[in-house]
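Sharing a structure, written as structure tokens. Questions coming.
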2 protein chains.
Amino acid sequence: MQDNSASILLIDDHPLLRKGVKQLIEMNPNMKVVAEACNAIDGVKQAVEHEPDLILLDLNMPEINGIETLKMLREEEVSSRIIVFTVSDNEEDVVAALKAGADGYLLKDMEPEDLLTSLEQAASGTLVISPRLTTLLAQALQSNKRSDKVDTSSLTPREKQIIKLIANGMANKVIARKLNITEGTVKVHVKHLLKKLRLRSRVEVAVWAVQEGLN
Amino acid sequence: MQDNSASILLIDDHPLLRKGVKQLIEMNPNMKVVAEACNAIDGVKQAVEHEPDLILLDLNMPEINGIETLKMLREEEVSSRIIVFTVSDNEEDVVAALKAGADGYLLKDMEPEDLLTSLEQAASGTLVISPRLTTLLAQALQSNKRSDKVDTSSLTPREKQIIKLIANGMANKVIARKLNITEGTVKVHVKHLLKKLRLRSRVEVAVWAVQEGLN
DNA sequence: GCCCACCTACCACTTTGGTGGTACACCGGT
DNA sequence: ACCGGTGTACCACCAAAGTGGTAGGTGGGC
């Protein structure tokens, strides 16, 4: 806050890389590295102490990995924007990072000048993502299509309909009213679909349906 | 299958645009427009009849919109790759299309040559997405962070823990064993968190937790 | 015509879930 | 030293969910 340059914290277990990134960043007078850390514990400590505008966080770290670190930072209610900065273009990592609340995901193989502009954007509040990851993100959203372990095909239309209503949190009685059938009949359908899906309660049905994207 | 060029079906209510796209596509000898349709019903019919390699689908259509059309095509078990081709860079549209199983999402303001290469990629099985949509997709995945309508802050650690277990489909008894407390105590916690979250059953808790990404 | 899958309905029954209340122990803050 | 929040436990009670079985009506397919 003393000057108008964005303060940055680097968390990465690789000293050489920190050095390089720091040099790069400080070529831009609008940004300044105010602290560095080589592991999660120290990173969280520095973050709490400095409350930087941006945190550049590596995913591959010994002991506690980046995602965990991210969660720890969120627990501490650090207000900084957290940008994951890593070599991993693995779908799971990207999705996990974003779900954990990352404000950006940049790959280490970016061109230096692109990195700088991305960081400036991030500092100004934009969610930044390496363009290479577009397809990955789209696939993550599509998640339903793939991996239908349970054979949803054996379900009758009525059963599918009731699954959706259960996934909306409705009780048997409410479902019965909505479909103009008796509660007993709803129970019959529920019983059958539980058998078919090999689940043990409507709660499991609900979470399964939501995760499968049956809306 | 007769020749090795990719067959394409255009579904768009705008004849002029169909004409333009068709001309563009047929500049590439590897692709061929085999049919056109100006609405959902006709589109599905043509799709079933021709089973084209690719379907270019507009979202803004009278009567039945593109997303619904997409679902209808999936219902018919059409094997074609379906590429949404639209002006809408609206997050909801993109997400809905991908969740409904679109194999691509391209914006109409693309450069013609980029469109051609994207279509070629799509025909060869790649999921194609207009680069402009990256940030949008990322935001969709982050969905948890934003819009905490319910004040999750008032929950005690124990309650949060139990919410997660409920979201895993566990019964009170199972939760009790896992936490080494009595079932009665679990019920107490459930009762309290239902009040705090203003929900009416553990099923609602489960779907809320899953949607909020509390894993 | 008959069979089969599906949807519907009713029954009795057990288990699980949710409500209301009281109570005690622990801990951190005033 | 007292208070409030938290976690634990017990109780009784009623509501909801799930199980087993039987059974009638419908519509499509052989």
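Quick caveat, the model's predicted, so the values are computed rather than measured.
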In whole angstrom, what separates Met170(B)'s CE from dT16(C)'s C1'?
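Going from CE in Met170(B) over to C1' in dT16(C) covers 16 Å.
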Heavy-atom side-chain contact between Lys45(A) and Ile41(A) under 4.5 Å:
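Side-chain contact under 4.5 Å: no.
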More than 12 heavy atoms of other residues, nucleotides or ligands under 6.0 Å from CD of Glu92(A): is that the case?
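No, not enclosed.
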From CD1 (Ile55(A)) to NE2 (His50(A)), nearest 0.5 Å:
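If I round to the nearest 0.5 Å, the distance is 11.5 Å.
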Is the backbone N or O of Ile166(B) less than 3.5 Å from a side-chain atom of Arg202(B), with the two atoms forming a donor-acceptor pair by type?
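Not at all, since once roles are kept as given, no pair shorter than 3.5 Å links the two residues.
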What is the separation between atom CD on Glu159(B) and atom P on dG7(D), rounded to the nearest whole Å?
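The answer, rounded to whole Å, is 6 Å.
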Does a nitrogen or oxygen in the side chain of Asn172(B) sit under 4.0 Å from OP1 or OP2 of dT16(C)?
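Checking dT16(C) against Asn172(B), no side-chain N or O comes under 4.0 Å of OP1 or OP2.
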Closest heavy-atom contact between Gly43(B) and Ile11(B)?
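Taking every non-hydrogen atom into account, CA-CD1, 3.7 Å.
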Separation of atom CG in Leu193(A) from atom P in dC6(C), rounded to whole Å:
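Taking atom P of dC6(C) as the reference, CG of Leu193(A) is at 13 Å.
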If you compare every side-chain N and O of Thr156(B) against the phosphate oxygens of dG7(D) (OP1, OP2), does one of them come in below 4.0 Å?
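Yes, within the criterion.
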Is there a residue in residues 175-184 of chain A whose heavy atoms reach under 4.0 Å of DNA chain C, and which residues are they?
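Those residues whose heavy atoms fall under 4.0 Å from DNA chain C, taken from residues 175-184 of chain A in numerical order, are Ile181(A), Thr182(A).
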Given atom CZ of Arg202(B) and atom P of dA17(D), what is their separation to the nearest angstrom?
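After rounding, the gap between these two atoms is 12 Å.
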Any donor-acceptor N/O pair, Glu204(B) side chain to Arg200(B) backbone, under 3.5 Å:
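Yes, because the side chain of Glu204(B) sits within donor-acceptor range (under 3.5 Å) of the backbone of Arg200(B).
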Less than 4.5 Å apart, any side-chain heavy atom of Lys108(A) and any of Asp58(A)?
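Side chain of Lys108(A) against side chain of Asp58(A), heavy atoms only: contact under 4.5 Å found.
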Separation of dG18(D) C1' from Ile162(A) CD1 (nearest whole Å)
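Those two atoms, CD1 and C1', are 14 Å apart.
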Rounded to the Å, how far apart are Leu155(A) CG and dC6(C) P?
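Result: 10 Å.
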Determine: side-chain N/O of Thr185(B) to OP1/OP2 of dA9(D), distance under 4.0 Å, yes or no.
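Yes, such a contact exists.
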How many whole angstroms separate atom CZ of Arg158(A) from atom P of dG27(D)?
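Computing the Arg158(A):CZ to dG27(D):P distance gives 15 Å.
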Is the closest side-chain heavy-atom distance between Phe85(B) and Leu10(B) below 4.5 Å?
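No; the side chains remain at least 4.5 Å from each other.
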If I compare all heavy atoms of Leu127(A) with all of Gly104(A), which pair ends up nearest, and what's the gap?
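Smallest interatomic distance, heavy atoms only, reads CD1-N, 3.8 Å.
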Would you kindly give the NZ-to-C1' distance between Lys173(B) and dT15(C), to the nearest whole Å?
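These atoms are roughly 7 Å apart.
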Pairs: protein N or O with nucleotides 19-25 of chain D N or O, under 3.5 Å:
| from | atom 1 | to | atom 2 | distance (Å) |
| --- | --- | --- | --- | --- |
| dG20(D) | N7 | Lys191(A) | NZ | 2.6 |

